[in-house]
Number of protein chains: 2
Amino acid sequence: MWLSRKGDYGVRALIDLALHDGEGPVQRAGIADRQEIPESYLDHLMALLRRGGFVRSVRGPGGGHLLTRRPEEICLLHVIETLEGSVAPISCVEDGEDCTHDCGLCAQRPVWEEIYQDMRRRLGAVSIADLAERARAQQHARAAHYSI
Amino acid sequence: MWLSRKGDYGVRALIDLALHDGEGPVQRAGIADRQEIPESYLDHLMALLRRGGFVRSVRGPGGGHLLTRRPEEICLLHVIETLEGSVAPISCVEDGEDCTHDCGLCAQRPVWEEIYQDMRRRLGAVSIADLAERARAQQHARAAHYSI
DNA sequence: AGAATGTTGAGCAACTTACTCGACAATAGC
DNA sequence: GCTATTGTCGAGTAAGTTGCTCAACATTCT
């Protein structure tokens with residue numbers, strides 16, 4: 001279980017913003033509440049996301065957070081790398097770097113490299129819009145369930 | 001970088017045993033030396049591998065460690081799961097379990113599930129024999145390099 | 001009996017995670 | 001200009017994890 005709270009919560013926050021896209025700034029308390037994220041912890045994640053260029057913020061009355069790009073343009077790979085750092089299983093598979101020093105890991109390297117490329121491909125093929133769509137469908141299913 | 005020393009070192013130890021398959025018990029000091037693993041730490045990893053059923057040990061003069069199965073029969077997925085525990089990115093993708101409680105992670109779950117299945121497929125397709133072969137080729141390449 | 005091997009529990013230092021707290025900054029409205 | 005309403009951020013904390021080490025012990029062969 002290596003996806004940390006950081007990664008999970010950060011993506012949830014962006015999904016929440018995507019669900020409210022076009023509605024003006026979304027307050028941090030609202031995000032925290034809906035996504036079940038401790039507010040003070042969320043603050044630090046929002047700082048990462050802001051520095052990563054995914055969100056921008058407005059302080060003061062009527063303030064909150066907004067996406068800087070359309071949800072379709074925000075790829076999950078970049079988000080996860082911003083929040084978690086590299087998802088490479090081992091460091092020597094990053095940037096297809098040619099490692100010049102032999103070590104005991106070399107025999108395993110091709111396996112981890114393929115796994116890393118698979119992950120990048122999968123994460124790169126998903127946008128925050130896709131996830132927001134799924135979250136929306138999930139909400140509708142939940143609502144339908146309660147109204148029967 | 002989520003493959004820990006445990007995973008890496010444990011696989012190296014098995015590769016070392018595969019390289020010496022058929023030569024009688026391999027001593028812990030030899031494995032530690034060749035694979036650049038601290039001996040006392042290796043002891044704990046060998047305990048995991050023994051409990052996982054991959055190796056058996058002989059104490060006393062002439063003692064050491066041996067594989068319990070042919071290298072071809074030892075699949076990397078099982079080894080890694082023994083050493084690292086599950087490699088699932090998130091717990092709710094394990095055993096294809098149907099999660100009944102909605103949470104903020106659900107929207108992301110299909111992505112992580114595919115990634116997990118990719119990993120299992122890749123790791124399951126590789127045996128310790130494959131890795132030993134690669135390690136052997138690496139050794140030959142190294143020897144050839146020095147003899148020019 | 002002694003040397004040569006492996007085994008294991010406990011402990012340690014350093015590091016990481018998942019937060020919290022409180023002070024501060026920016027902004028709108030009156 | 002003051003107040004309320006928002007966000008920001010550095011420092012700190014508790015708990016947990018990682019990567020080991022140490023020492024005592026157990027087994028086995030000569």
Side-chain angles (χ1 to χ4, degrees), chain A residues 1-13 16-17 20 23-33 35-52 54-68 83-86 89-91 104-105, chain B residues 1-13 16-17 20 23-33 35-52 54-68 80 83-87 89-91 104-105:
Chain A
M1 267 61 81
W2 48 265
L3 182 76
S4 69
R5 294 284 218 230
K6 248 187 189 179
D8 173 17
Y9 285 168
V11 173
R12 292 192 200 190
D16 198 86
L17 291 180
H20 292 87
E23 296 173 22
V26 184
Q27 290 181 11
R28 56 193 271 286
I31 302 171
D33 190 49
Q35 302 304 327
E36 303 178 300
I37 302 169
E39 241 175 276
S40 46
Y41 191 40
L42 177 66
D43 291 341
H44 289 285
L45 303 179
M46 295 313 294
L48 285 177
L49 291 172
R50 202 168 354 91
R51 285 193 220 106
F54 301 103
V55 302
R56 68 179 175 84
S57 310
V58 182
R59 303 182 195 185
H65 299 281
L66 309 106
L67 294 175
T68 50
L83 294 160
E84 297 270 355
S86 170
I90 59 179
S91 60
L105 240 191
Chain B
M1 264 62 83
W2 48 264
L3 183 75
S4 70
R5 293 285 217 228
K6 245 190 193 174
D8 173 17
Y9 286 167
V11 172
R12 292 191 200 193
D16 199 86
L17 292 180
H20 293 86
E23 295 172 23
V26 183
Q27 290 181 10
R28 56 194 272 285
I31 302 171
D33 190 49
Q35 301 304 328
E36 302 180 300
I37 302 169
E39 241 174 276
S40 46
Y41 192 40
L42 177 65
D43 291 339
H44 289 283
L45 303 179
M46 296 312 293
L48 285 177
L49 291 172
R50 202 166 354 93
R51 284 191 221 109
F54 301 101
V55 301
R56 68 179 176 84
S57 310
V58 183
R59 301 183 195 185
H65 299 281
L66 308 106
L67 295 175
T68 51
I80 291 293
L83 294 161
E84 298 269 357
S86 170
V87 293
I90 59 178
S91 60
L105 240 190

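Letters A, B, ... mirror the listed sequences (proteins, then strands); counts begin at 1. We use all heavy atoms of the structure for the numbers below, so side chains are in, but hydrogens, waters and symmetry mates are not.
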Inset, instruction - Using modelled atom types only, decide if a donor and an acceptor are shared between the side chain of E39(A) and the backbone of A32(A) within a distance under 3.5 Å. - result: no
Inset, instruction - Check if the side chain of H44(A) and the base of dT17(C) share a donor-acceptor pair of N or O atoms closer than 3.5 Å. - result: no
Legend entry - Which nucleotide in dG7(D), dC29(D), dT7(C) has an atom nearest any side-chain atom of R28(B): dT7(C)
Legend entry - V26(A), L17(A), L48(A) screened by side chain to side chain contact (heavy atoms under 4.5 Å, CB included) with V55(A), the one that passes: L17(A)
Legend entry - Heavy-atom check, side chain of W2(B) versus side chain of V87(B), under 4.5 Å: yes
Inset, instruction - Quickly work out the L49(B) CG to dT7(C) C1' distance and round it to whole Å. - result: 14 Å
Legend entry - Gap between atoms CG and C1', on L45(A) and dT8(D) respectively (whole Å): 13 Å
Legend entry - Length of the line joining M46(A):CE and dT8(D):P, which is rounded to integer Å: 8 Å
Legend entry - Short side-chain N/O contact from S57(A) to OP1 or OP2 of dT8(D), under 4.0 Å: yes
Inset, instruction - State whether R50(B) places a side-chain N or O below 4.0 Å from either non-bridging phosphate oxygen (OP1 or OP2) of dT8(C). - result: yes
Inset, instruction - Please name the pair of heavy atoms, one in R12(B) and one in Q35(B), separated by the smallest distance, quoted to 0.1 Å. - result: NH1-O, 2.8 Å
Legend entry - Which nucleotide in dG19(D), dC29(D), dT20(C) has an atom nearest any side-chain atom of Y41(A): dT20(C)
Legend entry - Length of the line joining R12(A):CZ and dA18(C):P, which is rounded to integer Å: 12 Å
Legend entry - For atom CD of E36(B) and atom C1' of dC20(D), their distance in whole Å: 17 Å
Inset, instruction - Check the distance between dC20(D)'s P and I37(B)'s CD1 and give it to me in whole angstrom. - result: 10 Å
Inset, instruction - Using the closest heavy atom to pick a nucleotide of DNA chain C for each, name whichever of D43(A) or S4(A) lands nearer the 5' end. - result: S4(A)
Inset, instruction - Measure the spacing between CZ of R50(A) and OG of S57(A) and express it to the nearest 0.5 Å. - result: 4.5 Å
Inset, instruction - For H65(B) and dT7(C), give me the distance from atom NE2 to atom C1', rounded to whole Å. - result: 9 Å
Legend entry - Any Y9(A) side-chain N or O less than 4.0 Å from OP1/OP2 of dC19(C): yes
Legend entry - R59(A) side-chain N/O to dT8(D) phosphate OP1/OP2 under 4.0 Å: no
Legend entry - Out of dT20(C), dT28(D), dT8(D), whichever nucleotide has its closest atom nearest the side chain of P38(A): dT20(C)
Legend entry - Of the listed nucleotides dG19(D), dA18(C), dC21(C), the one nearest the side chain of R5(B): dG19(D)
Legend entry - Nearest-Å distance for atom pair CE/C1', residues M1(B) and dG19(D): 17 Å
